[in-house]
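Worksheet: one structure, shown below.
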Amino acid sequence: MKRLLLVMGDLAAGKSTFAEFLSQRYDTIAFHKDTIKEILGDTVGFSDREENLKLSHATMELMMFLFQEFARQGKGLILESNFHTGELERLHNIAEGHGYKVLTLVLRGDIATLHRRYLNRIYNENRHPVHLSTTFDVFEDFKAYIEHSRQEEVPGEALFLPADDFSYQNDQEVLAKLDEFMEAL
């Protein structure tokens with residue numbers, strides 16, 4: 001199954017949860033940027049924002065490597081992250097070189113709703129320290145970050161999903177489109 005499913009979008013939109021659900025649905029491995037970064041943070045450590053950004057860069061390089069290895073074997077994969085345009089282009093180039101079809105799911109929601117979820121995660125869910133080097137407690141800072149990240153170009157086929165609530169995770173029309181894309185059920 002030469003399929004690469006990318007899950008990206010706003011902070012607190014449910015990307016990791018949905019990617020894990022899809023991983024189980026399609027019996028396909030999913031790699032999550034946050035999980036890899038947490039492992040690197042625990043192993044290598046970091047002391048400031050600059051070192052934390054290096055962990056983010058290393059995490060993305062590992063995700064690129066993992067996809068290349070899966071692509072060499074023609075295996076399907078799900079990658080979840082807050083991808084930037086350059087990273088998406090690199091993934092698409094790898095995919096094209098190995099005959100993969102790529103679909104990007106972009107989760108976007110009402111910024112005020114997302115901010116409430118984000119604050120809940122930060123203050124009530126015992127987030128890993130690697131995710132706390134920059135917080136967006138102030139709504140205007142969070143909003144500016146989201147608006148900036150939404151300017152990233154998404155190459156290729158993309159499906160934009162409203163993430164104000166998590167109904168997209170059970171939306172039969174969305175799941176049918178994903179089933180068709182994955183087509184190896």
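A 4.5 Å side-chain heavy-atom check between Pro162 and Arg108 finds every atom pair outside the cut-off. Side chains of Leu53 and His57 form no contact here, defined as non-hydrogen atoms less than 4.5 Å apart. Contact annotation: the side chain of Met8 approaches that of Thr104 to within less than 4.5 Å [non-hydrogen atoms, C-beta and beyond]. At a threshold of 4.5 Å between non-hydrogen side-chain atoms, the residues Leu62 and Phe31 do not count as touching. Here the side chains of Leu178 and Leu103 are in contact, with some heavy-atom distance below 4.5 Å. Using a 4.5 Å heavy-atom cutoff, the side chains of Arg49 and Asn52 are in contact. By the 4.5 Å heavy-atom criterion applied to side chains, Leu77 and Leu5 are not counted as neighbours. Contact of the Leu66 side chain with the Ile36 side chain is registered, since non-hydrogen atoms from C-beta on lie closer than 4.5 Å.
Arg116 places no side-chain N or O within donor-acceptor distance of the main-chain N or O of Ile111, the cut-off being under 3.5 Å. In this structure, the side chain of Asp110 does not engage the main chain of Asp164 through any donor-acceptor pair within 3.5 Å. Without hydrogens or angle criteria, Glu152 side chain to Thr85 main chain gives a donor-acceptor distance under 3.5 Å. Panel note: side chain Ser149, backbone Ile146; a donor-acceptor pair is recorded below 3.5 Å. Although no hydrogens or angles enter the test, the distance criterion places a donor-acceptor pair under 3.5 Å between the side chain of Thr28 and the main chain of Tyr26. Of the possible polar contacts, none joining the Glu125 side chain to the Tyr123 backbone as a donor-acceptor pair under 3.5 Å is found. Side chain of Thr43 to backbone of Ile39: a donor-acceptor contact under 3.5 angstrom is found. Without hydrogens or angle criteria, Tyr100 side chain to Lys75 main chain gives a donor-acceptor distance under 3.5 Å.
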Would you sort out whether Met64 and Leu91 count as a side-chain contact (heavy atoms from CB on, under 4.5 Å), showing the intermediate values? CA-CA 7 Å; Met64 296 292 169; Leu91 289 166; 3.5 Å; yes
Given Asn82 and Asp10, is the side-chain contact (heavy atoms from CB on, under 4.5 Å) satisfied, shown in steps? CA-CA 7 Å; Asn82 55 338; Asp10 294 337; over 6 Å; no
Given side-chain contact (heavy atoms from CB on, under 4.5 Å), test Leu105 with Leu6 step by step and report yes or no. CA-CA 6 Å; Leu105 303 180; Leu6 302 173; over 6 Å; no
Criterion side-chain contact (heavy atoms from CB on, under 4.5 Å) on His32 and Ser81, from CA distance to verdict: CA-CA 6 Å; His32 309 272; Ser81 177; over 6 Å; no
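In summary, the side chains of Ser16 and Glu80 do present a donor paired with an acceptor at a separation below 3.5 Å, with no hydrogens or angles considered. If you check the side chains of Asp137 and Tyr118, you find no donor sitting under 3.5 Å from an acceptor. Gln68 and His98 are not linked by any side-chain donor-acceptor pair at a separation below 3.5 angstrom, with hydrogens and angles left out of the test.
Expressed to the nearest 0.5 Å, how far CG of Leu40 lies from OG1 of Thr35 amounts to 11.0 Å. Atoms CG and CG, on Leu11 and Leu107 in that order, are 11.5 Å from each other to the nearest 0.5 Å. Rounded to the nearest 0.5 angstrom, Met182 CE and Lys101 NZ are separated by 11.0 Å. How far NZ of Lys33 is from CG of Leu55: 10.0 Å, rounded to the nearest 0.5 Å. One distance of note links CD of Gln24 with CD1 of Ile78; it measures 10.0 Å at 0.5 Å rounding. Interatomic distance, CE of Met60 versus CG of Leu79, reported as 8.5 Å (0.5 Å rounding).
Within a 6.0 Å radius of CZ in Phe160, more than 12 heavy atoms belonging to other residues, nucleotides or ligands are found. For CD of Glu51, the number of neighbouring non-hydrogen atoms (other residues, nucleotides, ligands) closer than 6.0 Å is greater than 12.
A salt bridge links Arg127 to Asp34: at least one charged side-chain nitrogen sits closer than 4.0 Å to a carboxylate oxygen. By the 4.0 Å N-to-carboxylate-O rule, Arg90 lies too far from Glu87 to be salt-bridged with it.
The shortest non-hydrogen separation linking Lys37 to Ser56 is NZ-OG, 2.7 Å. In terms of heavy-atom proximity, Val7 sits nearest to Lys15 at CG1-O, 3.8 Å. Between Val106 and Ala158, the closest heavy-atom pair is CG2-CB, 4.5 Å.
A ring-centre distance under 6.0 Å is not found for Phe166 and Phe18.
A ring-ring contact (aromatic ring centres under 6.0 Å, His included) with His115 holds for exactly one of Phe136, Phe142, Tyr145; it is Phe142. Partner of Leu175 under the side chain to side chain contact (heavy atoms under 4.5 Å, CB included) criterion, out of Arg25, Glu180, Gln169: Arg25 alone.
Under the 6.0 Å distance and 45° angle rule, Arg3 counts as a cation-pi partner of Phe181.
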